[in-house]
Amino acid sequence: MSFDKIKIISTRLKYGVSPSPADEVEQHVTIWSNGEVKISRYVFGDIRSGYVKAWSDTFYITKPDVENIFEHISMYFAENYEKKKKKDNPGCWEMTVTMEDGMRKKIRGHLCHDEYEAGDIELSRLIRETLARPYPLWLFNGRLEEGAGMSFA
């Protein structure tokens, strides 16, 4: 069975640390089988109103690129995926995989450096390089590219 889409929600919030209203705290990356990609970035906002969508981007990638991403994600999570526990957790992610028949599966984990590899390919790096965005994508490991900030102020 094949994927229809994947949606990865990455959240970078630490307990006890209150972000400023303009700090980016969550990203949504959705990739459809037809090559459509939507990325939304959210800032903290205020306690009453919750997260605020600060920015979004929709674009297309090639079908072979989609198939490569889906294949590597399938390869990694098909092998008895076990959620890693981190004491110094910088955040978490949740991925919803929607199959062509409409069935959905949610998988959750912590943002971990160098933990999510399919074969010799790190999943976050594969997706970042394929999507080729000029802004940081957190995905499964929360890495920020050199010099990239987290504020929309």
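The shown structure was predicted, so the numbers you read here are calculated from the model rather than taken from an experiment.
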- [ ] Please examine the side chains of I39 and F59, heavy atoms only from C-beta on, and report whether any two atoms are closer than 4.5 Å.
- [x] yes
Task: Flag side-chain contact, heavy atom, 4.5 Å: I61 against I69 - done: yes
Would [X] end up clustered with [Y] when hydrophobic side chains under 4.5 Å apart are linked, directly or stepwise?
X	Y	answer
Y135	V29	yes
M99	I6	yes
I9	V25	no

Between [X] and [Y], what is the shortest heavy-atom contact and its length?
X	Y	value
W32	K5	NE1-CD, 3.4 Å
S56	K38	CB-CE, 4.4 Å
I127	F140	CD1-CE1, 4.1 Å
L139	W93	O-CB, 3.7 Å
V43	A22	CG1-O, 3.4 Å
Y42	Y51	CB-CB, 4.2 Å

Taking side chain to side chain contact (heavy atoms under 4.5 Å, CB included) as the definition, give me every residue that meets it alongside [X], ordered by chain and number, with sequence neighbours left out.
X	result
K63	E67
N68	H72, L126
P21	none

Side chain to side chain donor-acceptor pair (under 3.5 Å) partners for [X], two or more places apart:
X	result
N34	none
T58	none
R104	none

With rounding to the nearest 0.5 angstrom, report the [atom1] to [atom2] distance, [X] to [Y].
X	Y	atom1	atom2	value
H28	W138	NE2	CH2	10.0 Å
I73	I31	CD1	CD1	6.0 Å
T98	M103	OG1	CE	10.5 Å
E100	D4	CD	CG	6.5 Å
D101	S2	CG	OG	10.0 Å
T96	K7	OG1	NZ	7.5 Å

Task: Test ring pair (Phe, Tyr, Trp, His ring centres under 6.0 Å) applied to F70 - qualifying residues, sequence neighbours left out - done: F3
Task: salt bridge (Lys or Arg N to Asp or Glu O under 4.0 Å) partners of E94, counting only residues at least two apart - done: K106, R108
- [ ] Return yes if some donor-acceptor pair links the side-chain N/O of R41 with the main-chain N/O of E24 below 3.5 Å, else return no.
- [x] no
